[in-house]
Amino acid sequence: MDQRQRPYRSVLYIPASRERALEKARTLPVDAIIFDLEDAVSADEKDAARETLKSALAQGGYGNRFRIVRINGLDTPWGRADAEAVREMGADVVLVPKVGSATDVDAVAAITGDLPIWAMMETPRGMLNAAQIAAHPLMAGFVMGTNDLAKELQTNFRPDREPLLTSLGLCLLAAKAEGLIIVDGVYNAFKDVDGLAVECQQGRDMGFDGKTLIHPAQVEVANTAFAPSDGDIDLARRQIAAFDEVHAQGQGVAVVDGKIVENLHVATAREILAKAEAIQVMQAES
Ligand SMILES: CC(C)(COP(=O)(O)OP(=O)(O)OC[C@H]1O[C@@H](n2cnc3c(N)ncnc32)[C@H](O)[C@@H]1OP(=O)(O)O)[C@@H](O)C(=O)NCCC(=O)NCCSC(=O)C[C@H](O)C(=O)O
Ligand SMILES: [Mg+2]
């Protein structure tokens with residue numbers, strides 16, 4: 001499936017040092033996996049985790065789940081070895097932490113070659129340079145790093161995430177302008193599925209493609225929130241049918257449920273149906 005067209009509702013982090021979690025992920029209904037060599041792995045496990053991950057990916061069994069490897073930064077003792085290793089791992093993309101500028105992306109690309117790159121957007125400098133980072137020719141996706149961002153901005157946690165909205169908005173603008181995938185940050189309280197559902201809905205309303213997750217218990221909530229609902233699909237079909245009808249009569253505006261439907265609404269309706277179909281294909285292949 002084309003990288004842009006496939007679903008990214010649920011993007012699960014797995015510490016590359018945790019063999020049991022690497023095994024379990026082969027059975028979880030996630031759209032994508034971030035195999036993490038960075039923050040989820042302690043310093044004394046970094047080299048071993050890289051080897052564990054190489055074996056897990058060589059063994060396979062992840063089906064059509066999108067495989068993302070998050071390396072350590074090139075300014076750390078492990079970054080270069082991670083970047084060299086990821087070339088051989090068969091990952092779909094490499095995820096670079098704490099990207100501050102397009103120059104950071106160039107430095108990784110000099111090692112990883114033509115492998116598509118995703119950026120962790122999680123520093124104030126990254127926010128200010130979001131447009132140039134998104135425009136890098138190898139850039140294919142943004143992941144919001146809301147924990148690091150909150151730390152750097154010295155914000156307090158609020159359920160409505162108001163202190164982060166400027167940053168989320170800047171990254172969304174940059175990603176959408178360049179046609180990138182963009183997934184929202186994690187919800188740390190992994191046992192609080194109600195709180196997660198509220199945050200997923202906010203992310204979905206803002207235009208994110210999906211949510212990064214830290215625990216299997218979060219997967220179903222994200223899969224539901226970021227999929228078109230039955231109501232969305234029904235409305236999309238009715239909008240297309242109504243528009244086709246008026247269009248055949250030489251008119252450019254239909255009315256459905258008391259609201260106007262023009263060309264642009266039909267384009268959105270078609271995107272909703274395409275997304276629903278891509279999810280069905282993904283599920284059928286799992
Ligand atoms: C949070 C955890 C440490 C909890 O682990 P644990 O106590 O083992 O949870 P459970 O006993 O409830 O686990 C139940 C089963 O699920 C498996 N499991 C747990 N987590 C995962 C996972 N992430 N992927 C796959 N499978 C998982 C367990 O193995 C159990 O399986 P079974 O044996 O069959 O019962 C743990 O969930 C965890 O480590 N999560 C990931 C944390 C992480 O990746 N953090 C870094 C990413 S967040 C971040 O850095 C974002 C960004 O950079 C930012 O700045 O915001
Ligand atoms: Mg981070």
Side-chain angles (χ1 to χ4, degrees), residues 8 10-43 45-46 49-50 52-53 56-57 59 61-63 65-76 78-79 82 93-100 104 118-127 130 133 141-158 161 163-164 167-168 171 182-193 195-196 199-200 203 208 210-223 286:
Y8 297 91
S10 48
V11 181
L12 179 66
Y13 281 99
I14 303 183
S17 51
R18 285 191 61 173
E19 292 198 45
R20 175 68 200 129
L22 289 169
E23 175 61 35
K24 193 173 179 77
R26 295 186 170 101
T27 66
L28 295 172
V30 292
D31 290 341
I33 299 171
I34 298 177
F35 298 98
D36 191 20
L37 294 166
E38 201 220 13
D39 279 353
V41 177
S42 65
E45 287 182 308
K46 294 280 190 195
R50 193 185 308 117
T52 303
L53 180 55
L57 287 173
Q59 195 185 330
Y62 293 104
R65 296 168 189 82
F66 193 68
R67 291 154 307 160
I68 302 161
V69 173
R70 182 165 78 167
I71 61 172
N72 288 282
L74 291 184
D75 56 349
T76 72
W78 315 282
D82 289 349
V93 296
V94 56
L95 174 60
V96 184
K98 301 176 181 69
V99 174
D104 294 345
W118 281 27
M120 289 299 310
M121 298 302 288
E122 51 186 351
T123 66
R125 192 169 304 285
M127 299 304 116
I133 296 167
F142 275 2
V143 178
M144 297 311 304
T146 42
N147 278 320
D148 270 303
L149 193 56
K151 168 180 165 279
E152 296 297 316
L153 297 177
Q154 298 165 316
T155 60
N156 287 327
F157 171 79
R158 284 177 45 152
R161 295 200 291 176
L164 297 179
S167 303
L168 298 175
C171 291
I182 178 164
V183 290
D184 202 354
V186 296
Y187 187 74
N188 292 340
F190 61 89
K191 292 186 178 160
D192 172 14
V193 286
L196 172 67
E199 202 169 283
C200 282
F208 285 101
K211 186 133 181 99
T212 45
L213 308 174
I214 48 176
H215 191 276
Q218 299 183 312
V219 174
E220 197 187 323
V221 174
N223 278 350
S286 310

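Residue numbers count from 1 along this sequence. Computed from a prediction, not measured in an experiment: that's the story for all the values here. When a ligand or atom number is given, it counts from 1 through the structure's own listing order.
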Can you tell me which residue and heavy atom of the protein come closest to [atom], and the distance to 0.1 Å?
{"atom": "atom 56 (O) of ligand 1", "answer": "Asn147 N, 2.8 Å"}
{"atom": "atom 12 (O) of ligand 1", "answer": "His215 NE2, 2.7 Å"}
{"atom": "atom 36 (C) of ligand 1", "answer": "Arg18 NH1, 3.4 Å"}
{"atom": "atom 37 (O) of ligand 1", "answer": "Ile214 O, 3.2 Å"}
{"atom": "atom 51 (C) of ligand 1", "answer": "Tyr13 OH, 3.5 Å"}
{"atom": "atom 1 (C) of ligand 1", "answer": "Phe190 CE2, 3.6 Å"}

- Query: Which ligand 1 atoms are under 4.0 Å away from a heavy-atom of Ala40?
  - Reply: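 The atoms of ligand 1 under 4.0 Å from a heavy atom of Ala40 are 43 (C), 44 (O), 45 (N), 46 (C).
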
- Item | Numbering as shown, the atoms of ligand 1 that approach Arg20 to under 4.0 Å (heavy-atom distance) |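 In order of numbering, the contacting atoms are 29 (O), 32 (P), 33 (O), 34 (O).
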
- Query: Quick one: which of Lys24, Met120, Arg70 has a heavy atom closest to atom 50 (O) of ligand 1?
  - Reply: Arg70

- Which distance, rounded to the nearest 0.5 Å, do you find between the NZ of Lys46 and the CG of Asp82? 7.5 Å

- To the nearest 0.5 angstrom, please state how far the CG atom of Asp148 sits from the CG atom of Asp39. 6.0 Å

- Item | Note, Leu153 side chain near Leu164 side chain (heavy atom, < 4.5 Å) | yes

- Side-chain heavy atoms of Arg161 within contact of Asp184, under 4.5 Å: yes

For ligand 1 and [X], I'd like to know whether there is a polar contact (N/O to N/O, distance under 3.5 Å).
{"X": "Asp36", "answer": "no"}
{"X": "Asp39", "answer": "no"}
{"X": "Met144", "answer": "no"}
{"X": "Glu122", "answer": "yes"}

With the threshold set at under 4.0 angstrom, would you say [X] reaches ligand 1 through any of its heavy atoms?
{"X": "Pro15", "answer": "yes"}
{"X": "Lys151", "answer": "no"}
{"X": "Pro216", "answer": "yes"}

Region of [X] that comes within reach of ligand 1 [heavy atoms, distance under 4.0 Å]:
{"X": "Leu12", "result": "side chain"}
{"X": "Lys191", "result": "neither"}
{"X": "Glu38", "result": "neither"}

- Task: For the Mg ion (ligand 2), count the protein N, O or S atoms found under 2.8 Å away.
- Result: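 Protein heteroatoms (N, O, S) closer than 2.8 Å to the Mg ion (ligand 2) number 2.
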
- Which word best sums up how the rings of Phe35 and Tyr62 line up, parallel for under 30°, tilted for 30 to 60°, or perpendicular for over 60°?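 If you compare the ring of Phe35 with that of Tyr62, the planes turn out perpendicular.
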
- Item | Under-4.0 Å heavy-atom contact between protein and atom 7 (O) of ligand 1 | no

